[in-house]
Every structure is written in structure tokens, then in C-alpha cells.
Amino acid sequence: MTGVEQPKLTKKDFKSDQDVRWCPGCGDYAILNSVQGAFAELGKTLHGTVIISGIGCSSRFPYYMETYGFHTIHGRAPAIASGVKISNPELDVWVVTGDGDAMSIGGNHFIHAMRRNVGLKILMFNNRIYGLTKGQFSPTSPQGKVTKSSPMGSVDYPFSPIALALGAGGTFVARGVDILGPHLQDMIKRADAHTGTAMIEIYQNCNIFNDGAYKGFTDKEVRGERMLELQHGKPLLFGANKDKGITFDQNFQPQIVTGADLGKAFVWDECSPSPAPAMALATMDEAHFPVPIGVFRRQEKPAFERGVLAQIEKAKAQKPADLKGLLYAGEIWDVQ
Amino acid sequence: MQGTDSPTGLQQSTPDGRPIQELDQVVIRFAGDSGDGMQLTGDQFTRTTALMGNDIATFPDFPAEIRAPAGTLPGVSAFQLRFSSFDIHTPGDAPDVLVAMNPAALKVHYKALKPNGILLLNTASFGEVELKKAKWAADPRRDGSLDGYRVIEVDLTERTKEALASTTLDNRGKDRCKNMYALGILYWLFHRDMQPTEKALAQKFAKKPEIVEANLLAMKAGHAYAETTEIFQTAYQVPPAKLPPGTYRNIMGNQSLTLGLVAASQKAGVPLFLGSYPITPASDILHQLSGYKNLGVTTFQAEDEIAAICAAIGASYSGLLGITSTSGPGVALKGEAMGLAIMAELPLVVLNVQRAGPSTGMPTKTQQADLLQAMYGRNGESPMVVIACSTPADAFEVGYEAIRIAAEHMVPVMVLSDGYIANGSEPWRLPDVDALPPITVKFAPAITDGSKFEPYKRDEKTLARPWAKPGTVGLVHRIGGLEKQDVTGNISYDPDNHQHMIDTRAEKVARVADGLPPMQTLGERTGDVLVLGWGSPRGAITAAVMRLQKQGHKISAAFLRYLNPLPKDLGELMKGFKKVVLPELNKGQLAMMLRAKFLVDVQSYSQVNGQPFTSQAIEDYMSKLLKEIR
Ligand code: SF4
């Protein structure tokens, strides 16, 4: 804007002067760090970036970023962010939300942002619990979760945010983990490069109300065996020695293959025209299969705001604005 | 029909020698099945009559269901219009002419007809089945039910079919033209020019010339029928009204409100963004604005009411004029988001085209019962500017004013309209575009010297905070729904700051009153009775008060466009009268507000039946009151 080449900002430049107020040890710190790092590496400007959040622990995020920030109301961040992006498509608009905010109270806005393909980047911190209200089960908590509001275990079935995003027509759907910084930064950069809506589900540990929710597959000792990193064009392999693979039967049921069958491992295509393989991975049972991270689906589709803008430009070209003409239209008559 | 002793008397006559009587006003009601095209018929009569220079007011009365079963009472759709040779304020109380296309329409509306009024019936629809559907025990034409009316029976269906014998339309298509046959009859009866309708239909059905031809044939046949058959002994003429000089256009309330918003956006040089979710009776605002893309208007049909207002808030945050249009149930859903806009101190316009509640209520009927919701329907101390339009033409100014206040004061503004204004129409004297009041919008300039931007540093006069567009260098800042420190905008739980911010937000709204013009009165500023009004009862109040003034009563009227903040001289004005009465289509909401604020014994005159006030009802009420206090 000043016309002068600005020096590239560093990670520190993206830190605001506000004290970070998450509980010590919360996974949100690591995510904040990854976002600041990725933004610096992407060469973003402070003034060109807007971060919009809803309500919840994660939604405190904008206060800690030295960009434009709007901490709004519960569940509504995608709707407000859509208004921002459509009004000024040049802005770089990020939504920070959580599993309660985006999956429960704001579910409608989440799916419709996905459907419209507005150029928003949605970071959904999934800690499988309500943190800010001090520990009730969320729509992603496993069934039977004992919490303050479910002393005998929750009866609710959880859903997979990835499956929901895919079902809603999401054009960029990915998953990262708070403690896997480099991988998460990579996801953030890839989301940034996407033109339409990009959604990253980020597994985040709430060490106060749901500590160790992801321990079973993210801990260093088990990670190799229990996680599956999706890589475009590469077979779905996992295991410490990459000696296990995933394939699908004719009903799209995932199967684990080993040994001589390893060659049957499904070659991952994040741009697959069908969402079926991504959906199959998104709904894989955590107890029996490894947990996938990476890009589930990526599809190039014109972004919503561009379509809106194109119509306005077309209308302007066809019929230049003329206020007098607008008012003095239709059947008019003079009274002397 | 109130005949006046016209200066020309009965000198004029039709070509075949029937007299043409001059009248000063006529009220016509078209009623039929929702498929009978009554709205279109009424609309055509209205356009023609407006172009002929009469003053006119209209009242469409839609059925609740889109397509209720044909011939049933709930399926009846009506359109009332009143035209005159003088300035009128309402679409009239009782009609002089009722066109009833079927027994159901007759059943619903005949009792409203004036004694000796003209009743035009389509005899083709008076078979046994139709009578039963309309719940007539016997044929009303035969059992004396219609005594005292001038009943004109025409087989509109058969006559239309004959007139269209040469066309290629099938029977169903021909039958759909019978409304135009009826229109032709009325055009003859009231000496109307057929040309405007010819033009309008040619435009409306440009792609279907056979439809245009059939409709016009039917209309002309109806006209010729009235001329040749002598079903009427007299034709009537209503001379043009003496309206103030200017260029006029007939306008409906939703349309005029929309134009006001667009005009304000053009004047301010800031584009409009509408976030909306379809809802009766506000959807036309969404439709209209989606057609103004060439004026830079963005419309966003959101997934729900909440998303609609949230997107508008996002737009305002980005530097556009965010608006959202809805009706009462939608406002209920938007409450939390309005609170956010109040807290974030962003411009926003919420349009509430009120309908009869509570809950789903009667969506196609009118009411003014959302005033307290507009005033107080949010959590916490969350004052909002509330303004109301009172007639279809007035809605233009109110839309314009809403944008001006929102943008200049950095506040959300609620506009209250209602179904009666939204769908009613009247001639609108077009404003001089260059003379529209200026709207000054200042966006915060970029900061390049490293100093810190203060998002809540206020304008001394209005207390407005700066409008900072994301994308501007040096203005990065964080806002949100949490209480914040004044000036810096940082989150603050400090008790003194919270008290200060609540007081400041209230004061900001109160200061909107600083720039308001003094209140106008209809009549003297002192007297026996002051009738206060807001919103759509204005027309009925005006008509009633003018009649009472003519009778020599010391009665005046005043109308409130600004409901929050109220005009500063309202308290003084009320003191000048022995009695203040407030007719409103709710259970006395504004009356309660005024009583609380001014400790004045405002008397509420309430009506909540889904219908507008008639001027007669208001006149009767006031007459009684005037007698009591004498
Ligand atoms: S409650 Fe949980 S999610 Fe919230 S800040 Fe504390 S650790 Fe983080």
C-alpha cells in the first residue's frame, strides 16, 4: 500500500502485545505458534489478514495475532467471515473455531460455508470437549464420555468433522495435530494456497478437561503404528517400518494389508473426483484402524465471492449506476 | 360513492347518452380466488388511475396460503384501492364497489360493502358445489342476503370465452383472462383510459404475445359489454387530484424503502451489502436489491436469519453498509448478533417489516407489535436507534435516514415497517436527487508513522468510533463482543470501565436526537386532544383528525418517525393537550414507553386483529373521547 517493498515479516511480528491466557500446557499454544510461523513464511502482511473467531477457548485466538481480528459470537464466525470476504475478496480471511463452536451451535454456518466455497480458511480446533464452559461433552466426544453433564457417560454418538465437511461439499478438507508442528504448518500453507473454503481439523489437547484424548495415537511411541499420513500420489502406508497398508473392498470398507499384499495399498489421490475414498478414511473406526492426517480432499472450484463480484461487474458494465434514472423509473407523471 | 355537486353537474354523458356523474372519490375492492389474478387486476387499475392524476391508496389483502384449495374461504385474495380528486391518506374503509369472482370472495367481503354499493358477481361460479365450498347454506343471490346492494350479475367466464373464441388459448388459458374482462367493465364504469394497461401487459408478457393479445381482447370485450348492455345506468368520473406540483410515481412500501437505502448508499459513496433470509412480508426487499447490482449492491441469501445479519456485520466491518431485512420472527433470531454490532459499534441497518405475531402468527397480516422487541429484545443494556416509516412513500426517507444515522453515528439502526406499508402503494412525489441530504462517511486513514491505532477513540460530537477498514496499513486491531476498554479496545473487566462503556453506548444513541428537526403537528400545538401515531396508522389518524378538526374540535395529531431516541420536544408538545391518545396496532407498546418516560397519562387505543385501523374507527373513538372531556 505504501508502494515500498516491505521487508518480510518474522514470526515475532505476528505476535500481538496481549498476554496469552490459555491454561498452561494447552494445545492451543502450539497451534498459535504454527500459525505465526506459517504466516511469516508465507510472507503475509499484518494489515491484509483478518482472523475471525466465534466463542470458546480457541476463539481467543485473534487477540494474540497482530493482524485484524474479530472475536464474534458463538458459532457465527463463518457467517461473519463470509460477509467480510465477499465484501473485500482481496483480504486474507481466517476463521478460528472449535468443535463446540463449529460442529454444534454453528453447524449450519459451517456446512453452508463449505457448500458455497467462500474463500475462507477455517481452523477448527477439535479437543472433543467444551473447555470454556468447564468440561461438558461435545459433538465429537466419543460415546460414553463421562463429563459433568454426562456423569453416566454420554449417550450421544459423535460425528467426524471431516466427514461432515466432505458431505457438505468441502473443496479442501485436511487434518493436523497440535503437537505435529511442521506437518500442521504444511497444512496451513496448503490451505492458504487453496482458492475456496479450506478447512483444517486440528486435533488439540485440552489438558484440563480432556487430557490425553489423542494420546493413543499421537504419542511418540505409538505414532508410527497408529497414524496414517496421507500423501498425494503415494500409497496409504503406515507402521513404524511402513509395512502396513490400507486398501478398500468393493463396499469401500477399509482393509489393512501387509506382507505380499502391501502392493495393493490404495494410492492416495486427494483430487479424486469422488469423495468416496476420503469419506471412507474419515469414518474409519479409530479403534481398529490408524488415524489419518493430511489432506483428505482438494478440488479446484471457483470461489463464491468471485462469482458474486463478477455478477456485480457485469451488471455495472451493462447498466451504469444512475440514481436519478433509478428513482425516476417506471410510469411517472408530472403534476403542474 | 360520495358524489359532489360537480361544477359540471350531469352535463357530460357517454356516447350513447348515459349520464357521467362526477365523484370526488371511489373505493373498489377486487376479491377472488388466489388464482383469479385479483392482485394483478388491482395493480392495473391503480397504475392507470395514478397516471390519470388521481390520488390513490391501495391495500392488498393476501390469503395466508400460497394456493389454498380453489373456491374456499381461506383461498380468497383481495385488493382494495381508493382514488380521489383530493389528497387522501388511506385506502378507504368500506368499498363502493365489490367485484366478487366467486361465492367465497362474496362471503368474505360482502358485509364490508357500503349500502347501495355496486356488487359485480361472476355468475359462472355460483353452482351448488361452489356455494357449498364457500359455506353458503343457500344461493345468496336468491335468499335476500344481498338486498340493499346494486347486484350486477355477469357470466364472466362464458363472456370471456366468447371474446377469446378466435385465439389459440385452451379453455383454461381463456378462463384465466376473466379478471381482465371484469377490469374492462370497471374501466368503462369509471371512465378509465385502457392504454396504460395495454402498455403494461405488452411489457409484462413480452415473450408471450398470445397472452397479451388474449388479455387485451378480454379487457376490451368487458369494456364494450358495459357500454352496450346498459348493465349500468350511469358512468362515473373522478377528476384528477390537486397534488403538490412535481414528478410522481406510484410506489409500494418495500420498493420505496429499498430505493431509500440505495439512494443513501450512492450519496455516501459506500456500497450496500444485504444479508437476508426469505420471510413474508419482507422478501421483496431481497428481490429488489438483488436487481440493483449495477449500483454496487451485494445481496447474500444466507442459510438462516442469524447468518444473514452476521454476514451484514462482516460487511460493515469490512467497510460496506451492512443491512439485513426480515420480519419479527427473524428479528428474534438476530438478537445476539445485534448485541455484537452494538458492542463492536459498527453501522448496521436491520429492517423489520412487521407482521401479526406472536410466533408464526398471521404472516400476511399487519401489526406493530415488535416495537418493544426492537427497543429491548436483546440481552444486557443494548440500546439501539429505532425509526419507523408511516406510508409507502415515507419509507424512502426512512430508508435513507437509517443509513445516514448508522454510518454517521457508527450504530446499528432498526427500521420498523409493516405488512400494510410494505404491500400498499401511493403516489410518491420524487425527490430532487441533488437535494438529498449529504451523508458524510470518514474511514480511518492509514497510519504509517508507527503510532498505535485507537479503535475506540471517539468523535466528540457523536461519540462515534472510527470506521477502520481491514486492509488499511497501520490500523490492525482486535474487536469483539467482550467488554472492552474505551479508546484502546482491549478486553477489560474493570468495573468503572464497564459502567462508563454502558453509559457511553446509551449516550451515543441519545445524541442522535441532537440533529433531529422539531416535531410537526397536524393542527394547533395546544388543544383538547393530541393523537400521537407511529408507523402505518398515520393515514387513518390523519383522515380522522382532519374530519374532526373540520367539525370544530380542538384536536391535533403528531407522528413519530424517531422512536429511539425520541424527539427532544415531544414531552413539551404533550403538555399542551388535555389528553394524549395513541392508536397503535399492538397492546399499547409506545403508550407504555411514553408513560414511563414522561409520566404523562397517554391513553392507548389498541387494535390487534391483523387489520389496519379504519379512519372511521379512529374518528368514532376520538369523538367519544372529545365528548367525555368537554
Ligand atoms: S480449558 Fe482446555 S482448551 Fe481451554 S485453554 Fe484450558 S486447556 Fe486449553
Side-chain angles (χ1 to χ4, degrees), chain A residues 1-2 16 18 45-50 52-53 55 62-63 65-88 90-91 108-109 111-112 308-309 311-312 314-321 323-324 326-336, chain B residues 47 50-51 53 196 200 243-250 259 262-263 266 273 275 292-298 300 302-304 306-307 310-315 317-320 322 336-337 339-340 344 430-431 433 446 448 469-482 490-491:
Chain A
M1 290 227 174
T2 52
S16 78
Q18 302 293 301
T45 63
L46 302 180
H47 64 266
T49 308
V50 185
I52 296 174
S53 65
I55 294 293
Y63 293 112
M65 294 288 293
E66 189 61 8
T67 61
Y68 283 90
F70 198 174
H71 177 210
T72 69
I73 43 180
H74 208 8
R76 319 301 171 200
I80 291 170
S82 295
V84 172
K85 186 71 182 174
I86 298 161
S87 299
N88 183 356
E90 301 312 315
L91 291 172
N108 201 28
H109 311 308
I111 57 173
H112 288 281
V308 171
L309 202 70
Q311 286 192 347
I312 292 176
K314 190 174 164 195
K316 280 181 175 169
Q318 279 171 351
K319 196 175 169 197
L323 180 56
K324 180 148 191 215
L326 176 72
L327 303 185
Y328 288 66
E331 288 149 318
I332 59 171
W333 69 95
D334 286 316
V335 173
Q336 303 298 330
Chain B
R47 285 156 172 262
L51 285 173
L243 297 172
T247 304
Y248 284 80
R249 165 182 181 182
N250 198 56
L259 290 175
V262 174
Q266 291 284 311
F273 178 105
Y292 296 150
K293 293 186 172 56
N294 64 316
L295 291 133
V297 178
T298 306
F300 177 69
E303 57 271 26
D304 59 31
I306 299 173
C310 285
I313 291 172
Y317 173 72
S318 306
L320 265 52
E336 187 190 15
L340 176 67
L430 293 163
V433 171
T448 46
K469 269 194 215 184
T472 313
V473 171
L475 302 188
V476 291
H477 65 282
R478 271 66 57 190
I479 57 169
L482 286 172
N490 290 334
I491 299 173

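Naming convention: chains lettered A, B, ... in sequence-line order (proteins, then strands); numbering from 1 in each chain.
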Leading residue by heavy atom contact count with chain B [cutoff under 4.5 Å; candidates [options]]:
| options | value |
| --- | --- |
| His109(A), Lys316(A), Lys324(A), Lys319(A) | His109(A) |
| Gly75(A), Ser87(A), Ser16(A) | Ser87(A) |
| Gly330(A), Ala329(A), Pro62(A), Ser82(A) | Ala329(A) |
| Thr49(A), Ile86(A), Val308(A) | Ile86(A) |
| Asn88(A), Ile111(A), Leu309(A), Leu91(A) | Leu91(A) |
| Thr72(A), Thr45(A), Ile52(A) | Thr72(A) |

I'd like to verify something: which residue of [options] has the highest number of heavy-atom pairs under 4.5 Å with chain A?
| options | value |
| --- | --- |
| Leu320(B), Asn490(B), Val433(B), Thr247(B) | Thr247(B) |
| Ala315(B), Gly481(B), Gly319(B) | Ala315(B) |
| Leu51(B), Ile313(B), Val262(B) | Leu51(B) |
| Val297(B), Leu259(B), Ile491(B) | Ile491(B) |

Arg249(B) backbone acceptor or donor facing Tyr328(A) side chain under 3.5 Å: no
Separation between [atom1] of [X] and [atom2] of [Y], rounded to the nearest 0.5 Å:
| X | Y | atom1 | atom2 | answer |
| --- | --- | --- | --- | --- |
| Ile80(A) | Ile306(B) | CD1 | CD1 | 11.0 Å |
| Asp334(A) | Leu430(B) | CG | CG | 9.5 Å |
| Gln311(A) | Thr298(B) | CD | OG1 | 10.5 Å |
| Trp333(A) | Leu243(B) | CH2 | CG | 8.0 Å |
| Leu340(B) | Ile73(A) | CG | CD1 | 5.0 Å |

Plane angle bin for His477(B) and Tyr68(A) - parallel if under 30°, tilted between 30 and 60°, otherwise perpendicular: perpendicular
Which atoms of [X] are under 4.5 Å from chain A, going by heavy atoms: the side chain, the backbone, both sets, or neither?
| X | value |
| --- | --- |
| Ala344(B) | side chain |
| Tyr248(B) | both |
| Leu295(B) | both |
| Gln266(B) | side chain |
| Ala312(B) | neither |
| Pro244(B) | backbone |

Over all heavy atoms of both residues, which pair between [X] and [Y] is shortest? Give the atoms and the distance, please.
| X | Y | value |
| --- | --- | --- |
| Glu331(A) | Pro196(B) | OE2-O, 4.3 Å |
| Ala79(A) | Cys310(B) | CB-CB, 3.7 Å |
| Val50(A) | Pro470(B) | CG2-CB, 3.7 Å |
| Tyr63(A) | Ile479(B) | OH-O, 4.3 Å |

Per-residue contact mode, [X] against chain B (heavy atom under 4.5 angstrom):
| X | value |
| --- | --- |
| Pro78(A) | neither |
| Leu327(A) | both |
| Glu66(A) | both |
| Glu90(A) | neither |

Residues Gln318(A) and Asn294(B): side-chain donor-acceptor under 3.5 angstrom: no
